[in-house]
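Quick note on labels: first sequence line is chain A, next is B, and so on, each numbered from 1.
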Amino acid sequence: MSEYRPAEIEPKWQQYWLENKTFRTDDNDRDRPKYYVLDMFPYPSSSGLHVGHPEGYTATDILARHKRMIGYNVLHPIGWDAFGLPAEQYAIKTGTHPRKTTNQNIDGFRRQLQALGFSYDWDREVNTTDPAYFRWTQWIFLKLYEQGLAYEASVPVNWCPELGTVLANEEVIDGKSEVGGFPVERKPMRQWMLKITAYAERLLQDLEELDWSESIKEMQRNWIGKSEGANVVFPMKTDGTAPEETIEVFTTRPDTLFGATYMVLAPEHPLVDRVTTDAQKQAVANYRETAARKTDLDRTDLNKDKTGVFTGAYGINPVNNEEIPVWIADYVMMSYGTGAIMAVPGHDERDWEFARKYELPIVEVVKGGDVTKEAYVDSNEGICVNSANNEVSINDLPVPEARKVITEWLEQKGLGKYAVTYKLRDWLFSRQRYWGEPFPVIHVDGKPKPLPEDHLPITLPELDDFEPTKTGEPPLAKAGEWVNTTDPETGKPAIRETNTMPQWAGSCWYYLRYISPDYEQGPVDPEKEKYWMPVDLYVGGAEHAVLHLLYARFWHKVLFDIGVVSTKEPFKRLVNQGMILGELEFTAYKDADGRYLPVDRNGMSEELERVKLEEKDVEKRGDRFVIKGTDTVVDARSFKMSKSRGNVINPDDVVEKYGADALRLYEMFMGPLEQVKPWSMQGVEGVYRFLKRVWRLIMDQESDTVNQAVARSVNSDGSPVVEPDRAQLKILHETIKKVTDDIEGHRFNTAISALMIFTNEAMKWDVRPVEVLKPFLLILSPFAPHLAEELWEKLGVLTNEVSPDAAETEGTTHRSGRTLAYEPWPEYREELLQADSKTYAVQVNGKVRGQIEVPSERAAEKDFVLDAARNEPAVSRHLDKGRVVKEIFVPNRVINFVVK
RNA sequence: GCGAGAGUGGUGAAAUUGGUAGACACGCUAGAUUUAGGAUCUAGUGCCGAAAGGCGUGGGGGUUCGAGUCCCCCCUCUCGUACCA
């Protein structure tokens, strides 16, 4: 071996780590501080890893390796989120059991991850489809049920006929299924729901203490959507014969109550039938039918044109006893608040639009705008007007105060009360699928009944045909023998639940199972849970910003309440890696006549021909790119990787060509972890060259041994020939400091840059002392572990710490073997960082005119330094132009002369 | 619309508290070496200029001896969200 050959050294060390269980975590080693660093576990798809996986996984691996070297007991596991639709759809197409494809895919993913050298504890692998795992997913469901947090309901769901399943709102995008893009319609079905709304306030409050990015916390806050206001009761006008009815509305603006000029009920509101007058019956029925046919999308989409129908009924505004008409309109949603609103067109945009269209009165009750032109909606500024009755007046009060006064009055009179409303809705928790966790529930006499814990796990029945039924009945309904069972308690005939749990279920608690993957008495060993929880760092894609993280936090809080876990939040710190886009593309557009058209940022029409250009065919003009030599502006951007665009980078190809260390290093060198970044194959070559340089720094080009520059630094017994010189120690310790700080701050790109600077410098040395190279390899090792291990071994042979024979055999134990994985992390020494001289930049009127070098020991002497600065020719030239009126002296940095 | 984040060379990006803008890398140019190279090495590379020098961190204004960094206004892009009363 003469040159750097990752294909030889990488499998060697991967095998060594596996065979020696180098990264097995010792639960009993409780004296050292713990560090639990977690990756979002992957769904093992048939297409294998994409380059986004190794991004977060490399970051956590660097941190895990670093923490081990600074003495932490590190828990760094991986597993498989393996239930899910693709395996099931493949099963429907081919008849292959999803278990088979899933296991194949897991084997593929495991191989790929091991080929990247991640330091996982492979003895803790979890798999959500393993009955030994989902036994506890089912157990948690039973606990939720016991707590009254799981219930059945008939709810309109997103039914996708093509997929034969119901989808969660988040799986529907633009009225089509996220998977496959099939149309989705509304259909009422019996479903399991989880009462996440019971935890809304705690899920909101406890965000405060989490070390997550502000944007993710904000997204969760928005999703929970807390609003404060009042529920107000409006009596209905009655002719004396009809029964008395009231309409309760929720409003965040009770201060505008005097401006309510009409009311609106959601079309589905149960009161509609009772209040509609005979004359309006037909119109209302027609409107309700149209509204029912609309999907949520049609009702909420960009179509802002408001429609509605008068019911013929009137409500009475409780503050001024005015009769106001009651309408139905689909801009009011049954699922939010009370499903009814008081409309204040003067101070709500939607109400204003609606009032304009149907010629309803608009009354100003807050001064500050012109309600004849648009609604004045500011909820902080403004003074109330036209808002008084015999008992109470909020006139002349600022809006926030008015809100308090009127709410108190309503409460006193029993007309309304302070109220809080959340956007968050209960979690639709069942799917009409085969490949998911069965519910541990039977139906006896038509009622649901949980199965006893000792019956778990409830496993899936074997099926040959995974096709859902056309009626929406889940495929499990076809397993007659499985479905028809008996109640173990009473012996009565019973029917099993045929829905299965959604994919989120298994991922809601997997981080707990890693702690004690074989524990039989519960989901997690309580003693170990206390040691390891919470997760210190959780890294994954931002696509899980809301749902997965909210669901997992919800389950965790329930488990906390029943004493299963000891922390109220699972993930102390969260980092979201940014997406990796495809390579930068230059695109020009031609019309039908073959003429190039300038690019319009808002998107080009489909009929135009897309022409892909090479980088050499374009040039920069202003802040845009044009076709070279022309004025034709081209589109220059990176796109999300997708099969259809053909810009997908396969990590296997990169590993084959450049090695795992190069892939790891490149993904970290691209830019900050959390940022969106475009891929560049040339960038990979760049870090690959760096790794080759590191190899040549130590290894001889012709033989299998270290080079002369390194060998020269030690005697034949391995002892050092000469001490490293000051300059060598200085750059080494600078690098140690920079890399250490940067790892701790997750600035992996600049850490790598520091390693490159060291290497470039060290390449110039004729003698490369082992005492300098060894610490360098240790700080390189979290980033490029295979290369570092290999070179560490070579240096060990040189200094007689590792015998050349031992290098060929395996079987040492993981704490004392040849690996550097548990070597102590080098510490930098402050005194070695000091330079002999300091450089000052010298400015005249804020412009840099020259530099001076001064001896370090005199660098803080203002007079001495200023004198030296004045005598610098490039500076004095500018000082002569006027009179120095001020001298700024910033120690060790800069001098500024102000000249007039 | 609303909310959040971001705009720095040809490209990815650096710049700890307001103190030499562009580290490191890609690309490019020239040279060396090589049968050859997508290898390696040396030098150069923000823009204009022969140089002195001038101009430069999306645009405009401000604070300061000094602003990529702080303040105000505007523009653009990315992500999230969407009639939430």
Inter-nucleotide [atom1] distance ([N], [M]), Å rounded:
| N | M | atom1 | value |
| --- | --- | --- | --- |
| B/G59 | B/G44 | C1' | 33 Å |
| B/G3 | B/C74 | P | 13 Å |
| B/G46 | B/A51 | P | 13 Å |
| B/U17 | B/U69 | C1' | 11 Å |
| B/U42 | B/U33 | C1' | 11 Å |
| B/G58 | B/G68 | C1' | 12 Å |
| B/G1 | B/G49 | P | 42 Å |
| B/C47 | B/C73 | P | 35 Å |

Below the 4.0 Å mark, does [N] have OP1 or OP2 next to a side-chain nitrogen or oxygen of [X]?
| X | N | result |
| --- | --- | --- |
| A/Arg689 | B/G27 | yes |
| A/Gln675 | B/A13 | yes |
| A/Lys677 | B/G12 | no |
| A/Ser227 | B/A85 | yes |
| A/Asn845 | B/C65 | no |
| A/Arg637 | B/C77 | no |
| A/Lys847 | B/G66 | no |
| A/Arg693 | B/U40 | no |
| A/Arg877 | B/G53 | yes |

Given [options], the nucleotide with the shortest approach to the side chain of [X]:
| X | options | answer |
| --- | --- | --- |
| A/Trp223 | B/C83, B/U81, B/A85 | B/U81 |
| A/Lys692 | B/A4, B/G12, B/A39 | B/A39 |
| A/Gln682 | B/A14, B/G27, B/G19 | B/G27 |
| A/Arg696 | B/A85, B/C41, B/G66 | B/C41 |
| A/Val332 | B/A85, B/C65, B/A25 | B/A85 |
| A/Arg350 | B/A14, B/U40, B/C83 | B/C83 |

If you look at every strand shown and take non-hydrogen atoms under 4.0 Å, does [X] touch a base, only sugar-phosphate, or nothing?
| X | answer |
| --- | --- |
| A/Gln851 | base |
| A/Gln843 | base |
| A/Thr338 | nothing |
| A/Gly225 | nothing |
| A/Ile888 | base |
| A/His878 | sugar-phosphate |
| A/Thr252 | sugar-phosphate |
| A/Val898 | sugar-phosphate |
| A/Asn760 | sugar-phosphate |
| A/Asp741 | nothing |

Separation between CD of A/Glu667 and CD1 of A/Ile580, rounded to the nearest 0.5 Å: 4.0 Å
Send over the distance from A/Arg5 CZ to B/A39 P, rounded to a whole Å.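 Result: 17 Å.
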Whole angstrom is fine here: how far is it from CD in A/Glu228 over to C1' in B/C84? 15 Å
State whether A/Arg870 and A/Glu887 are salt-bridged, where the test is any N-O pair (Lys NZ or Arg NE/NH1/NH2 against Asp/Glu carboxylate O) under 4.0 Å.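 Salt bridge present between A/Arg870 and A/Glu887.
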Could you pick out which residue, A/Phe897 or A/Arg849, lies toward the 5' side of RNA chain B when each is mapped onto its nearest nucleotide? A/Arg849
Base-pairing assignment for [N] (Watson-Crick or G-U wobble, both under 3.5 Å):
| N | result |
| --- | --- |
| B/A4 | B/U78 |
| B/C83 | none |
| B/A15 | none |
| B/A51 | none |
| B/C28 | B/G44 |

Does B/G56 adopt a syn or an anti glycosidic conformation, taking syn as a chi angle within 90° of 0?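 Because its glycosidic torsion lies more than 90° from 0, B/G56 adopts the anti conformation.
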Without swapping roles, check the side chain of A/Arg403 against the backbone of A/Pro254 for a donor-acceptor pair under 3.5 Å. no
Which word best sums up how the rings of A/Phe354 and A/Tyr331 line up, parallel for under 30°, tilted for 30 to 60°, or perpendicular for over 60°? tilted
Students often mix this up, so state it plainly: with edges at 30° and 60°, are the rings of A/Tyr358 and A/Trp327 parallel, tilted or perpendicular? tilted
Run the numbers on A/Arg221 and A/Glu214 for salt bridge (charged side-chain N to carboxylate O under 4.0 Å, His left out), then give the verdict. CA-CA 10 Å; A/Arg221 281 188 204 110; A/Glu214 200 43 48; 3.1 Å; yes
Qualifying residue for ring pair (Phe, Tyr, Trp, His ring centres under 6.0 Å) with A/Tyr666, from A/Tyr688, A/Phe748, A/Trp679, A/Tyr658: A/Trp679
Derivation of the salt bridge (charged side-chain N to carboxylate O under 4.0 Å, His left out) call for A/Glu734 and A/Lys730: CA-CA 6 Å; A/Glu734 276 169 357; A/Lys730 178 164 183 278; 2.9 Å; yes
